[in-house]
A.B. asks: 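For reference, the structure I am asking about is given below.
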Amino acid sequence: MIKKIAPWIPPIVILGLWQLAVSYGWLSSRILPAPSAVLTATRDLAVSGELWLHLQTSTWRALAGFAVGGGIGFLLGLLTGSFKFMETLLDTTLQMVRNIPPLALIPLVILWFGIDETAKLFLVSFGVFFPMYLNTYHGIKSVDPHLIEMAKSYGLRGFQLYSNVILPGALPSILVGVRFSLGLMWILLIVAETISAQAGIGYMTMNAREFLQTDIVLVGILLYAVLGKVADIFAKTCEGYWLRWHPGYQ
Amino acid sequence: MIKKIAPWIPPIVILGLWQLAVSYGWLSSRILPAPSAVLTATRDLAVSGELWLHLQTSTWRALAGFAVGGGIGFLLGLLTGSFKFMETLLDTTLQMVRNIPPLALIPLVILWFGIDETAKLFLVSFGVFFPMYLNTYHGIKSVDPHLIEMAKSYGLRGFQLYSNVILPGALPSILVGVRFSLGLMWILLIVAETISAQAGIGYMTMNAREFLQTDIVLVGILLYAVLGKVADIFAKTCEGYWLRWHPGYQ
Amino acid sequence: MQTNSIEHNTVKSIDDQNRTGATPHGLSIEIHGLGKSFGDRHVLQELDLSIKAGEFIAIVGKSGCGKSTLLRLIAQLDSPSSGQIKWSKSPDQARQQTRIMFQDPRLLPWKSVSSNVALGLGEDDKAVIKKRLKEVGLEDRGHEWPIKLSGGQKQRVALARALAHSPNLLILDEPLGALDALTRLEMQSLIESLWVKEKFTAVLVTHDVSEAIALADRILLLDDGKVTANIPVNLDRPRSKGDAEFANLEKILLGKILNRSKVH
Amino acid sequence: MQTNSIEHNTVKSIDDQNRTGATPHGLSIEIHGLGKSFGDRHVLQELDLSIKAGEFIAIVGKSGCGKSTLLRLIAQLDSPSSGQIKWSKSPDQARQQTRIMFQDPRLLPWKSVSSNVALGLGEDDKAVIKKRLKEVGLEDRGHEWPIKLSGGQKQRVALARALAHSPNLLILDEPLGALDALTRLEMQSLIESLWVKEKFTAVLVTHDVSEAIALADRILLLDDGKVTANIPVNLDRPRSKGDAEFANLEKILLGKILNRSKVH
Amino acid sequence: EDLTLRIGFQKAASLLTLIKAQGTLEKEFAKNNVNVKWIEFPAGPQLLEGLNVGSVDFGYVGEAPPIFAQAAGANFVYAGYEAPSPRAEAILIPKDSNIKNVADLKGKKVALNKGSNVHYLLVKALEKNGLKYSDIQPVFLPPADARAAFERGSVDAWVIWDPFAAAAEKQVGAKVLQSADGIVNNQSFFLAERTFAQKNPAVLNKLLDELGKQGKWIVKNNKQAAQLLSPLQGLDTPVVELSISRYSHDVRPITDAVLAEQQNIADTFFELKLIPKKIQVSDAQLKPGITTAGK
Ligand SMILES: Nc1ncnc2c1ncn2[C@@H]1O[C@H](COP(=O)(O)OP(=O)(O)OP(=O)(O)O)[C@@H](O)[C@H]1O
Ligand SMILES: Nc1ncnc2c1ncn2[C@@H]1O[C@H](COP(=O)(O)OP(=O)(O)OP(=O)(O)O)[C@@H](O)[C@H]1O
Ligand SMILES: [Mg+2]
Ligand SMILES: [Mg+2]
């Protein structure tokens, strides 16, 4: 019971304080509209169907980018985590590349991919790539080498070795990467959707920001928060299932 | 020998192809200046002293933001990783908050913190916070509970327990967080330095982008890559020292 | 070339006497109707047991019969499902004065061997740490990572760590299972001499019947979650395996263990 | 209530015969001038040894004398610093036909007990897995996580896993160290009966002298990185502890072990 | 064969936003087998990025972005311009500010969008009042951020264009310290990708014709246009009304005088070191003899 309610206490307290602050005039409602005003704006957007359009567009972009970038990150992480030579060869480059802000890359991305969906997909993939890569890589390195040795001497090779030993051992770390990426994909959309978009929550938020529609900016922010929660529930469910053997995750 | 050279092969190959592509006219140098042109631009910026000014300003901001955000993330990660109740209470909120794109927060940040260094510091801290938090939290959860039990029954409590058992056990994961944050702090600066900055690499890059000075954008990108490498060397050194007991890191 | 030779004389030295928490007498323990279940699995049931202060108890029993579970309950690492345990001190004090050597070595991989032994001890105890390491024959391995040790060496480090604390209640869960016959005898006499000197209460789980007889005042046979036999060992110390009484007792005990499963 | 009773009849069943890789004869091994060093530490030195196909070898020796190191070299998990090992097959084939039971159980924590035993086996081997689990007395624990098992139970799972493969060379590193006397005897007869039936080569490290005598054709005493004694055991099988010859051999061997450190 | 006309636009550009909403161009061009594709950009510089790599054929921006684009070597031409709208940009001060005139700005913090039309306005306004650009503290912020800083009082003044200026006046009672009237022209430009303009002069002319008609309609039907635009831009109707009333919406062909004014701006930006080299604005003209706009 308490466990069900407790997680919602801080958000509710924050919302309550915010509403109070606006109601009592400590905060100008023009600077920061009250939660109630944000709610109204949300309802209007929802009723007009705009909200769903944005959400749908962004969700598609986010998931596609996650699949591509996360997939590549995972595979490269497997590679560098498993083969010392690959690590020596690639890790430096990847560490350099991932440090490049997507925002700075936009001119080059437009150059390579134009201004269509491909460019947005690339940006999301680019950003999502790294947490998956880094966590997979470290996950694999942290698997108990005794267990790998044992499995090898029991005849496990290649795919069998990975699916039975290395991946399950790296899983706690890989799931951290997934959790992180699931958040990052939304964050990157706001960057990607500054490249000539017509819809999407990033577009909606930045557009509203441009026209000083603070209530819609806040709708965007709350939407991001809710999406974060959804991704989190998903990640927790995966953890709960796949790590049910792990005493730390019970 | 091979191990020293191999990491530099991919970057050099990329640069070489790029130079070739421009020299042979496959790529218009208007769209993408040759590496040599970028080098010239770098030299000019370096000679005029501008580069060092930007670098210095950004470095200060990045490190301060890293210290604040990373520190808070670490502490909260300790808290939620160590106490089930704290996890229940805070984790949901944190997972929601971290999903908010810094770019969408800028108007609110300006309202709260003005347009000075504080605002920039906040944005960097905000972004850096999360990887540190998440990795610390998961690192602590993944420490072998048998070792903690043993240490407790040998009279270790509080600080001693953390410094001798829990933190060293969580360290591989925490260092992943550090590595990630060290990259992210630069990435966030590009967002933070759109707020009324007069210097900084983020400022330099975005400013150049605004004015379509692709060569300077590329200087920025290369600079980010180099800074990524520096952060990486630092992180690797830490790993090499602190994880020298760990067979996976040798 | 490693030198594993064990220093026999050191165990008689007296500079141990004025150490932290070393009380002349151990804890006494009263257990009533103790039960422990994991889900449907009832591991301990209605177990009664009383251990006198300073007594040396050995527990033998079949694999999986609940020995480690009982030790964990006595060390307050787990809480009973039913029944209760009483110590001669408050539970908190009792916990502080108890040290347990687990069945697996549980060495911290990120600490050197000597830092592992030093766990929970202060700076002043450096000499003790060194001494204990020497007693278990690992004085020249103090600076190494635990991962480089052999199975038996790890176990000896864990033993050194448990012995370095001078607890009032020492719990040993198969402390010598991975050791060869000779090293085993040396470790037995190390444990015995410390026990004689410091008069702590000792609870030892072992699968080696002669080890139980060599060390314990009383041997408990655990089966089906209950104490099914309670055999006092009234031999003079130091005990010798060659002794007729010793051999006789060994035979009786072994017979009880080997026949037990046929009884029910 | 757990039931740990061990099914004695099953070990005689014949449905094992037509299984994967079960060849009538084991590997033979020739070792010449073998040496292994870790840094400055020379663990094995100039070791010569030849093991016949289908032979049962027991190795005894002091803790840290290099037994596990030798086993790892034979199993090709590590490479020698000097000297060489030859198998009757190519090294690759030999590796494929070798199974080693490590000193620590090395169970995969994310797999259930029966999946752990099934490691490296195909779908068709389900019956074998079940049978092996039953033989080690854990048939009702197949679905559980390894972390819930007791120390001895984990060891038995590891044993079941090693025995499920019918290798040509079976290497056992203290396979029964955490078991009580009764279970131990049962496991010994399990190992022996499988060996008799499948005729693999077996190399066993043990600290229990009577275990070595009960199982081995030949007992090697390892000391100082060399084989210092090579004692053939010419007793008929099944061997009984009560036997006079058995007891005599035990005495001799124990004497060698206990006096060894005084010799040099 | 079918031609696709890719028009880049910003929501803030009323003329294009309206004509898109009304679907006039699609209808008109359907007859000539020309498809119209609208591509939205958050601001002028991004639009020029698109133009530069050939993802956009035609766009509408303020006076500053083309100068930067030309300095960066982008391949575009000036296709037409919107007659001066000097009242559509201004220096704003908070309603309770004690700044009385432009000269009072000495030493004060002034927010502006770096390298935009208001940057030029500020320089010229200061010049006219006997101040140097270095006499004030410029604070570079994009409009949305500047508004927040302005409301919070982090800056003393804000140089900004419409509709942001109108919004600040209507919503927070910001006062106009000085509009561009009498100082600079504030023109906007229709740009076309060079090869597109060379290959399709007819399409371009027709496009500008239609825009001219739409512009005249807006001027005549100010209120109605504001009502249409308000939900599209997400601004209150009075704000939009004020804002569009201060633009001329008068689409005209490029003249030498217009380009000369652009050259002034370019030279000023060069002095401010905003562009790395001197540029010749007339280079970005379609060769004389080809008409680039309707009447
Ligand atoms: N990876 C390693 N690095 C350094 N030293 C090692 C390593 N592995 C083993 N040793 C050392 O080699 C020696 C022999 O180890 P080994 O594990 O073979 O002993 P053992 O005979 O199996 O002992 P036990 O009976 O205690 O298991 C020990 O002193 C051990 O510390
Ligand atoms: N956390 C747990 N969850 C479920 N079952 C458990 C747990 N811990 C122990 N058990 C079960 O309780 C029983 C007793 O375990 P315990 O470790 O006390 O045995 P033991 O007597 O020490 O055996 P061994 O000699 O093999 O170490 C075993 O059947 C074991 O599987
Ligand atoms: Mg146990
Ligand atoms: Mg060993």
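Hydrogens, waters and symmetry mates play no part in the numbers below; they use all other heavy atoms, side chains included. The chains referred to below are lettered A, B, ... by the order of the sequence lines, with proteins before strands, and numbering in each begins at 1.
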A.B. asks: Does B/N99 use its side chain to pair, donor to acceptor, with the backbone of A/Y224 at less than 3.5 Å?
C.D. replies: yes

A.B. asks: Could you measure the distance from the CZ atom of B/R98 to the CG atom of A/D232? Nearest 0.5 Å is fine.
C.D. replies: 7.0 Å

A.B. asks: If you round to the nearest 0.5 Å, how far is CG of A/L243 from OG of B/S142?
C.D. replies: 10.0 Å

A.B. asks: Heavy-atom pairs under 4.5 Å with chain A are the metric here; pick the option from B/P10, B/G220, B/A225, B/G228 that has the most.
C.D. replies: B/A225

A.B. asks: Is any side-chain heavy atom of A/P172 closer than 4.5 Å to a side-chain heavy atom of B/K141?
C.D. replies: no

A.B. asks: Less than 4.5 Å to any heavy atom of chain B: does that hold for the side chain of A/I9, its backbone, both, or neither?
C.D. replies: side chain

A.B. asks: Quick one: closest heavy-atom pair of B/I221 and A/A104, and the distance?
C.D. replies: CD1-O, 3.7 Å

A.B. asks: Might you work through the side-chain contact (heavy atoms from CB on, under 4.5 Å) test for A/Q95 and B/R179, ending with a clear yes or no?
C.D. replies: CA-CA 9 Å; A/Q95 297 287 353; B/R179 259 179 115 166; 2.6 Å; yes

A.B. asks: Distance from A/L89 atom CG to B/I5 atom CD1, nearest 0.5 Å?
C.D. replies: 12.0 Å

A.B. asks: Report which part of A/L222 has an atom under 4.5 Å of a heavy atom belonging to chain B: side chain, backbone, both, or neither.
C.D. replies: neither

A.B. asks: Would you say that more than 12 heavy atoms from the other residues, nucleotides or ligands in this model lie under 6.0 Å from the CH2 of B/W242, or not?
C.D. replies: no

A.B. asks: Find the one option among B/V143, B/L103, B/T205 whose heavy-atom pairs under 4.5 Å with chain A are most numerous.
C.D. replies: B/L103

A.B. asks: Walk me through it: do A/L218 and B/L108 pass the test side-chain contact (heavy atoms from CB on, under 4.5 Å)?
C.D. replies: CA-CA 10 Å; A/L218 284 169; B/L108 292 181; 4.0 Å; yes

A.B. asks: In terms of heavy-atom pairs under 4.5 Å with chain B, which of A/P131, A/G81, A/P145 leads?
C.D. replies: A/P131

A.B. asks: Answer yes or no: is there an ion pair linking B/K229 with A/D91, defined by an N-O contact shorter than 4.0 Å?
C.D. replies: no

A.B. asks: Among A/T92, A/I140, A/I14, which has the most heavy-atom pairs under 4.5 Å with chain B?
C.D. replies: A/T92

A.B. asks: Quick check on A/K152: does its NZ atom have over 12 non-hydrogen neighbours (other residues, nucleotides or ligands) under 6.0 Å away?
C.D. replies: no

A.B. asks: Under 4.5 Å heavy-atom distance to chain A, tell me which part of B/I106 shows up: side chain, backbone, both or neither.
C.D. replies: side chain

A.B. asks: Give, as side chain, backbone, both or neither, the part of A/V217 having an atom under 4.5 angstrom from any heavy atom of chain B.
C.D. replies: side chain

A.B. asks: For A/P11, which atoms come within 4.5 Å of any heavy atom of chain B: side chain, backbone, both, or neither?
C.D. replies: both

A.B. asks: Relative to chain B, which segment of A/F130 carries a heavy atom at a distance below 4.5 Å: side chain, backbone, both, or neither?
C.D. replies: both

A.B. asks: Minimum heavy-atom separation for B/P102 to A/I187, with atom names?
C.D. replies: CD-CG2, 4.1 Å

A.B. asks: Just wondering, do A/H138 and B/E239 contact through their side chains at under 4.5 Å, heavy atoms?
C.D. replies: yes

A.B. asks: Determine whether A/P101 and B/W186 make a side-chain contact, defined as any pair of heavy atoms from C-beta on separated by less than 4.5 Å.
C.D. replies: no

